[in-house]
Amino acid sequence: MFSDKDSFKQAYLTKLIEGEGITPDEASLWDKFSALVVLMKEKMSLYRAINRNSISPGKQVYYFSMEFLIGKLLHNYLVNFQIEDLVREGLSELDINLDDLLEQEADPGLGNGGLGRLAACFLDSMAFLGIGGHGNGIRYQYGLFEQKIVAGNQVEVADNWLKNGYPWETRKPEKAIVVKFKGNVRTEVKEGRVAFYHENYEAVLAVPYDVPIASYDNPLYINNLRLWSAETTCGELDLACFNRGEFDQATSYKSEVESISYILYPDDSSRAGRELRLKQEYFFVAAGLGSIVRSYKKRNNLSSLQDFSRRVAVHINDTHPVMCIPELIRILIDEEGMGWDEAWNITVNTLSFTNHTIMPEAMEKWPIDMVKSLLPRIYQIIEEIDRRFKEDLKRRFLDKEEVINNTQILKDGYVRMANLAIIGSSSVNGVAQLHTEILKKEVFKEFYRIFSYKFNNKTNGVNYRRFLLAANPKLSSLITEAIGPTWKEDAGELRKLHGLKDDPSFLEQLAKVKYENKCRLAEKVKAKQGIDLDPMSIFDVQVKRIHAYKRQLLNVLKIMHLYNKALNDPESLTGSQTFIFGGKAAPSYHYAKTVIKLIYALSQKIEHNPKVSEKLKVIFLENFNVTQAELIYPAANISEQISTASKEASGTGNMKFMMNGALTLGTLDGANVEIKEAVGEENSFIFGLTAEQVLNYTRNGGYKPWDEYHASADIRRCVDQLSRGFFDNMGEEFRVLYDSLMIYNDEFFVLKDFRSYLEMHEKLQTLYLNQEEWNRISLVNIAESGIFSSDRTIREYADKIWKIKYRTINNLTCS
Ligand code: 26V
């Protein structure tokens with residue numbers, strides 16, 4: 001990108017002065033940041049152009065996702081192009097501090113949590129592996145709300161991330177696509193076949209904004225994240241209306257259209273069920289497929305789509321983009337003139353689907369009436385898919401009532417999106433071994449009988465170059481000094497660290513890095529929230545969305561128990577502990593918001609008691625997002641992964657903590673199972689019911705939280721404190737939590753797992769006293785984290801699902 005400092009300085013100054021028309025003296029920090037981004041972006045476009053001309057286009061993958069949580073890009077790209085040092089020095093000679101520029105960048109909150117972050121990790125790994133893999137999503141004008149905590153209450157502030165512009169994006173108006181809603185379908189018999197015409201529709205213009213995706217050490221391979229924005233088809237306003245003097249109608253039309261890409265739905269746990277959400281889903285699907293078909297014809301110089309599925313793979317991230325199935329059929333039949341069978345085969349062979357949750361309340365379904373009126377032609381196609389599927393069941397003598405009930409797409413007035421996804425795609429995968437087994441044996445067991453060949457597992461992974469190499473420079477340097485630099489391309493190389501397990505000086509350096517990262521976090525927390533953290537205390541961290549099944553409440557009850565112990569006998573607690581929480585609650589999720597309030601109340605209660613506050617501290621970090629995450633993972637000693645077994649599909653935070661040397665305190669849920677397998681029983685701290693036990697209780701009943709309550713004075717005390725006296729006047733406020741446990745039968749087995757959780761937590765406290773042993777276990781965790789690189793995950797998707805080749809890294813050790 002830049003061969004040396006001087007050529008960088010030259011190019012940067014030219015960009016600033018000629019491009020932006022300002023001298024460094026006049027430029028604001030934003031101008032300076034923006035010039036650097038534009039400079040890099042232009043270089044990346046050039047690389048892409050060179051690549052296009054030199055390499056014949058292979059199969060392309062399109063990753064369709066409603067959410068991409070990409071995080072800030074500038075620092076990562078400096079690391080990936082290996083120019084951070086020269087840019088830092090060059091800028092400093094111009095009296096510019098790189099860190100000040102990095103601060104300027106917005107962190108686009110275009111996702112809720114794990115699902116959106118996974119999509120971003122996948123984009124990185126596809127670019128790293130030289131796969132032509134592109135993202136397709138929505139350019140929400142407002143991302144996930146910013147979280148403020150005011151007196152313990154979550155307050156949501158709009159995330160106006162585009163207010164200064166976003167210099168990484170390029171608007172491509174010439175590549176816009178018209179998306180059609182509502183209206184009616186007229187059929188006509190033409191040359192012996194039925195033709196379909198969608199008429200009287202409302203047209204929305206989808207305008208793409210492209211963001212370049214570049215990974216580590218593969219500078220020529222620049223992929224694209226295409227985000228669609230909704231605009232009116234007639235420019236600024238509906239001029240026809242406007243000229244007739246119907247101003248209100250003209251402006252309301254414009255705002256109705258623009259509302260489609262206005263804001264991200266902030267709830268990842270319950271169905272939105274709103275027409276606007278359905279519009280969003282079809283909008284980015286139709287725009288994305290429209291543009292793929294157009295570029296396919298151009299790229300391959302073809303007029304027919306017969307070979308489409310050999311040259312294009314479309315991946316569906318959860319059910320949100322499932323309208324891809326009927327939309328591709330529509331394109332192939334209505335626009336390309338194919339018959340049903342050919343269109344169906346191409347569609348199924350092009351599409352693959354990942355499921356990310358088994359929580360029934362998050363499984364999407366849409367009222368038939370809504371789909372019919374919003375997307376009349378799409379609905380016809382869905383009906384036809386459903387009809388043919390049931391016919392097929394009958395032919396294969398599989399049409400038992402139970403099978404039909406659980407697999408048909410249309411039922412009880414709804415379109416069931418997961419069923420459509422499974423029937424209409426060639427591959428269905430879960431995101432961790434356990435999760436996939438639950439899909440096969442429970443959630444989709446009838447489908448598994450019919451289409452066993454479609455089901456497969458792809459355990460999640462993360463972009464370790466973002467969450468370790470870039471986010472934890474001190475640990476990265478230490479690793480590179482010890483085992484050389486090849487781990488940056490092959491995460492399996494981290495295993496070489498095992499060789500240092502018994503090297504006391506290395507283990508001490510590891511501890512020193514952790515300590516310094518804790519200081520770095522403490523400084524930021526002090527600056528942002530004015531709170532002091534003691535880096536000498538153990539950092540016990542739970543950061544993730546606030547959900548009943550993730551059981552932040554279990555963690556809180558544990559701390560209440562420690563509080564009670566400290567009051568009785570301060571010596572019974574060995575060292576001092578800092579409990580760090582972070583995560584957003586969906587704005588309408590009362591329970592989750594109450595959990596935040598409870599964490600806050602507990603932190604206050606502890607703060608006001610000097611006897612306890614010497615030993616314990618609780619803090620809720622505001623506005624957990626990708627940027628915060630990059631500071632937190634490197635500073636954690638304990639990683640809390642305590643969901644009710646079977647409920648967390650995979651988890652990816654667990655992997656990010658692990659690679660930064662935190663020890664996992666967790667249940668046998670999601671990818672925790674595989675973390676335990678990787679590091680061994682002795683190096684992970686597992687407690688609680690197994691998924692099988694949980695599923696058995698759920699099926700057969702037999703769990704009584706009152707039994708746990710009566711059996712243990714400790715549990716009784718904590719549970720009672722939730723509702724009475726302890727939190728002064730707040731007992732009533734926390735009643736919803738008390739009731740979830742004692743009245744509504746503790747759906748997530750909090751009390752059932754309480755005792756074993758306390759025991760494992762205590763074991764960790766004791767272990768922490770033996771620093772050398774702790775550091776050794778921390779090292780084993782880092783050494784074994786390589787399999788949780790998303791490079792490994794993407795290689796599996798490429799081999800088994802997309803059937804696409806990728807670049808080989810020399811002597812790859814982790815396959
Ligand atoms: C569902 C809904 C439902 C309605 C409206 C908006 C919305 C947005 C997102 C979702 C899906 C939530 C599913 C999800 O995020 N699953 C997480 O996926 C991670 C990546 O595979 C995985 O690590 C987590 O365990 C899983 O909870």
Side-chain angles (χ1 to χ4, degrees), residues 63-69 109-122 137-138 140 143-145 263-281 284 315-322 353-366 416-418 421 429-436 438-439 443 457-463 543-551 583-584 586-589 629 641-658 666-667 669-675 691 788 790 793-794 797:
Y63 197 83
F64 275 50
S65 177
M66 283 288 265
E67 307 191 359
F68 286 94
L69 259 184
L110 308 184
N112 271 285
L115 169 137
R117 183 53 234 173
L118 185 78
C121 290
F122 282 5
I138 298 178
Y140 301 102
L144 186 63
F145 63 87
I263 190 162
L264 167 83
Y265 273 87
D267 197 332
D268 63 347
S269 59
S270 54
R271 278 185 293 270
R274 296 272 157 81
E275 190 183 66
L276 183 59
R277 167 88 185 176
L278 182 59
K279 270 191 182 168
Q280 290 186 331
E281 294 187 356
F284 91 109
H315 200 86
I316 298 173
N317 198 25
D318 218 295
T319 52
H320 320 144
V322 160
F353 160 61
T354 299
N355 168 284
H356 293 267
T357 181
I358 64 157
M359 302 295 284
E361 59 273 30
M363 290 275 179
E364 284 195 298
K365 54 181 192 176
W366 292 107
R416 298 190 294 182
M417 305 295 267
N429 75 281
V431 289
Q433 278 163 18
L434 174 69
H435 170 60
T436 302
I438 295 173
L439 293 182
V443 186
N457 175 247
K458 297 286 168 282
T459 298
N460 283 166
V462 301
N463 176 1
V543 284
K544 48 182 80 242
R545 287 296 288 259
I546 315 289
H547 270 295
Y549 84 82
K550 293 180 191 278
R551 297 200 296 192
K584 295 179 185 177
S588 60
Y589 192 176
Q641 306 301 334
I642 59 177
S643 52
T644 310
S646 80
K647 306 290 180 195
E648 188 70 271
S650 159
T652 43
N654 46 2
M655 303 167 184
K656 297 166 196 164
F657 277 109
M658 175 196 190
T667 48
D669 200 14
N672 298 352
V673 177
E674 286 149 86
I675 290 179
F788 300 110
S790 47
T793 315
I794 287 298
Y797 276 87

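As the structure lists them, so they are numbered: ligands from 1, and atoms in each ligand from 1. The residues of the chain are indexed from 1 along the displayed sequence. Side chains included, hydrogens not; waters and symmetry mates left out as well; all remaining heavy atoms used.
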Quiz prompt | Distance, nearest 0.5 Å, that separates CZ of Phe353 from CE of Met417 | solution = 10.0 Å

Quiz item: Between Leu115 and ligand 1, which part of the residue brings a heavy atom under 4.0 Å of the ligand: side chain, backbone, both or neither?
Solution: both

Self-check item: Min N/O separation Asp267 to ligand 1 under 3.5 Å
Solution: no

Quiz item: Looking only at heavy atoms of Gly670, does any of them come nearer than 4.0 Å to an atom of ligand 1?
Solution: no

Practice problem: Would you sort out whether Thr652 and Asn654 count as a side chain to side chain donor-acceptor pair (under 3.5 Å), showing the intermediate values? | Solution: CA-CA 5 Å; Thr652 43; Asn654 46 2; 5.5 Å; no

Quiz prompt | Within reach of ligand 1, part of Asn460 (heavy-atom separation under 4.0 Å) | solution = side chain

Exercise. Give the atoms of ligand 1, by number and element, whose distance to some non-hydrogen atom of Ala649 is under 4.0 Å.
Key: 25 (O)

Quiz item: Side chain of Asn672, backbone of Gln641: donor and acceptor closer than 3.5 Å?
Solution: yes

Practice problem: Report the C-alpha separation of Leu110 and Glu67 in whole Å, then their side-chain angles, then the decisive distance to 0.1 Å, and conclude whether the side-chain contact (heavy atoms from CB on, under 4.5 Å) test is met. | Solution: CA-CA 6 Å; Leu110 308 184; Glu67 307 191 359; over 6 Å; no

Quiz item: What are the atoms of ligand 1, with element, lying closer than 4.0 Å to any heavy atom of Gly651?
Solution: 22 (C), 23 (O), 24 (C), 25 (O)

Quiz item: How about Ser790 and Asn463: does a side-chain donor come under 3.5 Å of a side-chain acceptor?
Solution: no

Self-check item: For Val431, atoms of ligand 1 separated by under 4.0 Å from a heavy atom
Solution: 21 (O)

Practice problem: Examine ligand 1 and decide if any of its atoms is less than 4.0 Å from a heavy atom belonging to Glu67. | Solution: yes

Exercise. Please could you name the atoms of ligand 1 that Ser650 approaches to less than 4.0 Å, counting only its heavy atoms?
Key: 23 (O), 25 (O)

Quiz item: With ring centroids as reference points, do His315 and Tyr797 lie under 6.0 angstrom apart?
Solution: yes

Practice problem: Examine ligand 1 and decide if any of its atoms is less than 4.0 Å from a heavy atom belonging to Glu364. | Solution: no

Practice problem: Using only heavy-atom distances, determine whether the side chains of Tyr63 and Asn317 contain a donor-acceptor pair under 3.5 Å. | Solution: yes

Quiz prompt | His435 side chain to Asn355 side chain, donor-acceptor N/O pair below 3.5 angstrom | solution = yes

Self-check item: Contact (N/O only, under 3.5 Å) between Lys550 and ligand 1
Solution: no

Self-check item: Atoms in ligand 1 with a heavy atom of Tyr549 nearer than 4.0 Å
Solution: 27 (O)

Quiz item: Side chains of Thr354 and Asn429: is there a donor and an acceptor less than 3.5 Å apart?
Solution: yes

Practice problem: May I ask whether His320 places a heavy atom under 4.0 Å from ligand 1? | Solution: yes

